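None of these values were measured; they are calculated from a predicted model.
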Amino acid sequence: MIVPSRFRGPASSGNGGWTAGALAAHVRHESLEDRTDPWPAISVSLRRPPPLDTPMPVTHEDGEAVASYDDVVVARARVVDGEGPGDVEAVPADEARAAMASYPGLSSHPFPTCFACGTGRAVGDGLRIFPGRVADQDEAVRIAAAWTPDESVSEDWHVYVDDVRHASLPVTWAALDCVGGWAGDLTERLMVLAAMTARVDALPVIGEEHVVVGLARGREGRKTFTASTLYDSDGRIVACAEHVWVAVDPATFA
């Protein structure tokens, strides 16, 4: 498994969501028999910053897919029991578009190179998912953004029987990633993704506007817990995720 430099989060390491989704594609499960089937819920733990443009051998141990570098585990992925993450309440597309103007990353961004939410990435290069606050849900912060995947994030085998092109599985995970971090307030303390569990019901259609919604779920010490859901233009759930973030020393990513 390789994380190309395009899919970086911090300047020198992989975007957590993209890396997790790439490893999720290596997990063995029944849905692999038919590419049009939904993926099961898969949980990925990230043990160290994923290196860029570097081959990472993937082994299979007790039902887990394990990616390593220099004989040190980078990430582990496994199928989880049950249905997996619950969904975050939908936000209308017009409200999500309007919320993007208040995206905190427009004024201060810890990782402007991030593939998913970086303000330093051009259209057609990064996803440019810029979530802003829309409402409180049971006193928890909820944020949203509109996102239209383009041809640069599609892959050939993600053409379904109806000839519609779809974004890749790693890109789908990336789209669910940073919206959680911003819901957990990256402006207040620097955090990186430590674990992510996602259920992908379908893959985003290229050229179709989607809405990504994130929700803060609380903190415990250095950990922050969030959730996200990706909706298509008809308001159907495409995928949903839950995250665990861990606060880090800013000097680590200087």
Side-chain angles (χ1 to χ4, degrees), residues 9 15-21 23-24 38-46 75 77-93 95-96 99-100 102-105 114 116-117 127 129-147 167 169-189 191-204 210-232 235-247:
N15 170 267
W18 194 96
T19 303
L23 185 58
W39 279 260
I42 294 176
S43 180
V44 180
S45 61
L46 297 164
R78 62 179 177 82
V79 174
V80 300
D81 296 330
E83 296 182 357
D87 57 283
V88 180
E89 183 180 344
V91 171
E95 188 175 344
M100 294 171 69
S102 64
Y103 174 48
C114 179
C117 69
L127 300 184
I129 295 176
F130 298 161
R133 189 163 177 167
V134 291
D136 289 341
Q137 185 184 57
D138 298 329
E139 299 184 355
V141 174
R142 193 160 56 113
I143 63 175
W147 170 57
L169 183 65
V171 166
T172 304
W173 278 64
L176 290 164
D177 174 12
C178 299
V179 65
W182 290 104
D185 201 355
L186 275 167
T187 59
E188 183 176 328
R189 62 178 181 175
M191 304 180 294
V192 294
L193 186 67
M196 180 172 175
T197 300
R199 190 195 78 236
V200 178
D201 296 339
L203 292 168
H210 294 69
V211 171
V212 193
V213 189
L215 179 70
R217 285 188 168 171
R219 291 181 178 178
E220 183 179 310
R222 293 175 58 217
K223 294 180 179 179
T224 296
F225 304 92
T226 63
S228 62
T229 301
L230 179 64
Y231 291 89
D232 68 12
R236 294 173 297 200
I237 293 175
V238 174
C240 54
E242 295 175 343
H243 323 83
V244 179
W245 304 83
V246 61

| So do T197 and V80 actually touch side chain to side chain, heavy atoms under 4.5 Å? | yes

| task | To the nearest 0.5 angstrom, please state how far the CG atom of D232 sits from the NE2 atom of H210. | result | 5.5 Å

| field | Ionic contact status for E242 with R199, cut-off 4.0 Å | value | no

| Does a side chain donor of either R78 or S45 reach within less than 3.5 Å of an acceptor in the other side chain? | no

| Does the side chain of V171 reach to within under 4.5 Å of the side chain of L127, using non-hydrogen atoms? | yes

| task | Nearest 0.5 Å please: distance from the CG atom of L176 over to the CG atom of L230. | result | 5.5 Å

| With no hydrogens and no angle check, is any side-chain donor or acceptor of R222 less than 3.5 Å from a backbone partner on A247? | yes

| said: In the structure I gave you, are the side-chain heavy atoms of C178 and N15 within less than 4.5 Å of one another anywhere? | reply: yes

| query | Between CH2 of W245 and CE of M196, what distance do you get to the nearest 0.5 Å? | reply | 8.0 Å

| task | Determine yes or no for a side-chain-to-main-chain donor-acceptor pair under 3.5 angstrom, with Y103 supplying the side chain and A145 the backbone. | result | no

| request: Hey, could you give me the CZ/NE2 distance between R217 and H243, rounded to the nearest 0.5 Å? | output: 9.5 Å

| note | Rounded to the nearest 0.5 angstrom, the OG1-CZ distance for T226 and R142 is 14.5 Å

| Atom CH2 of W182 and atom CG of D177: how far apart are they, to the nearest 0.5 Å? | 12.0 Å

| Would a 4.5 Å heavy-atom cut-off, applied to side chains only, mark V44 and W173 as touching? | yes

